[in-house]
Amino acid sequence: MNTKAKKITMIGMFCAIAYAVMVIGRFPVVLFLKYDPKDVIITIGGFIFGPMASLIISVIVAFLEMITVSETGPIGCIMNILSSCCFACTAAFIYKKKHTLKGAVTGLIAGCLLTTGIILLWNYLIAPLYMGYPREAVVKLLLPAFLPFNLLKGGLNTVITLLIYKPVVTALRKAGLLESSGAPAVRERHMGIVIVSAVLLITIVFLMLAMKGWV
C-alpha cells in the first residue's frame with residue numbers, strides 16, 4: 001500500500017474510532033452538556049498527520065453524529081465541528097511547528113483555552129436557538145455552567161491525549177501502519193508527565209462527578 005493510500009486508510013480508521021468512542025463514551029455532565037472523548041482521537045490523528053487531518057475527522061464525525069445520535073441537528077453539528085477543530089487543529093498545528101513534548105503540551109493547553117473562549121461566545125449567540133431559553137437566561141448560565149464544563153472538557157482531553165498518544169503511536173508503528181520517525185527516542189520527563197496527567201485526570205473526573213452530584 002502506498003503512502004497516500006495508507007494515510008487515507010488511517011484517517012478513515014481514526015474517524016471510525018472517534019465515532020465509536022463518541023457513541024460509547026457520552027457522559028452527561030450538566031444541563032444538556034455531555035462529555036465524550038472523541039476529541040482525543042481527533043487530536044491524535046492531527047498529531048500524526050497534521051491539522052488538516054483533524055479538520056477532516058472533525059467534520060466527518062460531527063456529520064455522522066448529527067444523523068445518528070444527536071438531538072441538536074445542524075446547529076449541534078456546527079458546534080461540534082467548531083469545538084473539535086478549535087481544540088484538535090490548534091494542538092496539531094502547534095505540535096507540527098514544535099515536534100516535542102513541550103510543543104504537544106503547549107498545543108493542547110492553547111487548544112483548551114481557545115475552545116473555551118470560542119464556545120462560550122457561540123453558546124451566547126446560538127444556545128437560545130436550540131435551548132429555547134431567552135438570551136438573558138443563557139447569559140446567567142455562561143459562568144456557572146458553560147465555562148466550567150468547557151474547561152473540564154478541555155482539561156480531560158488534554159490529559160488523556162498526553163497519556164495515550166505515545167502508546168498509540170508505538171502500537172501503530174509496531175503494526176506497520178506508521179513509518180518510524182527515524183529520530184532517537186525522546187524521553188523528556190515522560191514518567192513525570194504520565195504521573196501528573198494521571199493525577200489531573202483523576203481530579204477532573206471527580207470534579208465532573210461532583211457537578212453531577214454523584215460525589
Side-chain angles (χ1 to χ4, degrees), residues 10-11 14-15 17-18 21-22 25 27 29 33-59 61-62 79-123 146-173 178 181 183 185-208:
M10 289 288 292
I11 289 175
F14 276 105
C15 288
I17 296 172
V21 300
M22 179 275 298
F27 177 81
V29 179
L33 301 172
K34 298 178 181 179
Y35 171 79
D36 67 71
K38 67 176 180 289
D39 288 350
V40 173
I41 308 302
I42 295 170
T43 304
I44 291 175
F47 276 8
I48 296 172
F49 296 114
M52 185 57 67
S54 288
L55 173 61
I56 293 169
I57 300 169
S58 297
V59 172
V61 174
M79 292 289 284
N80 277 325
I81 293 171
L82 187 65
S83 176
S84 294
C85 286
C86 283
F87 182 78
C89 293
T90 300
F93 177 79
I94 293 174
Y95 185 59
K96 184 178 181 180
K97 295 295 183 181
K98 191 169 185 179
H99 204 69
T100 62
L101 178 59
K102 183 178 179 180
V105 173
T106 301
L108 290 165
I109 293 173
C112 176
L113 295 177
L114 178 64
T115 302
T116 300
I118 294 295
I119 295 302
L120 277 181
L121 175 60
W122 274 71
N123 281 141
F146 291 112
L147 178 61
F149 171 79
N150 283 292
L151 286 174
L152 288 172
K153 177 183 176 181
L156 200 54
N157 287 334
T158 295
V159 298
I160 295 175
T161 302
L162 288 173
L163 284 171
I164 73 171
Y165 173 65
K166 188 178 179 69
V168 167
V169 170
T170 299
L172 291 174
R173 284 177 177 158
L178 282 181
S181 65
V186 180
R187 297 191 180 275
E188 292 189 274
R189 302 180 297 279
H190 179 66
M191 185 54 65
I193 288 292
V194 170
I195 293 171
V196 171
S197 297
V199 172
L200 288 173
L201 177 61
I202 293 169
T203 303
I204 292 170
V205 168
F206 269 105
L207 284 172
M208 295 181 80

Gly50 and Ala92 have their tightest heavy-atom pair at C-CB, 4.2 Å
Would you say that Ile94 contacts Lys97 through its side chain, given a criterion of any heavy-atom pair below 4.5 Å between the two side chains?
no
d(Ile118 CD1, Leu113 CG) to nearest 0.5 Å is 11.5 Å
Distance col, row Ile41:CD1 vs Ser54:OG, nearest 0.5 angstrom, shows 11.5 Å
For Ser84 and Ser58, the nearest pair of non-hydrogen atoms, with its separation, is CB-OG, 3.4 Å
Would you name the heavy atoms of Lys38 and Ala18 that are closest together and state the gap between them?
CB-O, 3.5 Å
Would Leu108 and Phe47 satisfy side chain to side chain contact (heavy atoms under 4.5 Å, CB included), going step by step from the backbone distance to the final call?
CA-CA 11 Å; Leu108 290 165; Phe47 276 8; 4.1 Å; yes
Test item: Phe87 and Thr43 side chains (from C-beta on) under 4.5 Å apart, heavy atoms
yes
Mind checking the CZ-CG spacing from Phe93 to Leu55? Nearest 0.5 Å is all I need.
14.0 Å
Do any N or O atoms from the side chain of Thr90 and from the backbone of Ala110 form a donor-acceptor pair under 3.5 angstrom?
no
Show every side-chain hydrogen bond (donor to acceptor under 3.5 Å, both in side chains) that has at least one partner inside residues 148-163, sequence neighbours left out.
Tyr35-Asn157, Ser83-Lys153
Rounded to the nearest 0.5 Å, the CG atom of Asp39 sits from the CD1 atom of Ile44 at a distance of 11.5 Å
Nearest 0.5 angstrom please: Met10 CE to Ile57 CD1, how far?
9.5 Å
Answer yes or no: is there a side-chain heavy-atom contact under 4.5 Å between Leu147 and Thr116?
yes
Given side chains that start at C-beta, do those of Val61 and Phe14 come closer than 4.5 Å, heavy atoms only?
no
Could you grab the distance from atom OH of Tyr165 to atom OG1 of Thr170, nearest 0.5 Å is fine?
9.5 Å
Might you point out which heavy atoms bring Ile164 and Pro167 nearest each other, and give the distance in Å?
O-CD, 3.2 Å
Given Phe49 and Ile56, is the side chain to side chain contact (heavy atoms under 4.5 Å, CB included) satisfied, shown in steps?
CA-CA 11 Å; Phe49 296 114; Ile56 293 169; over 6 Å; no
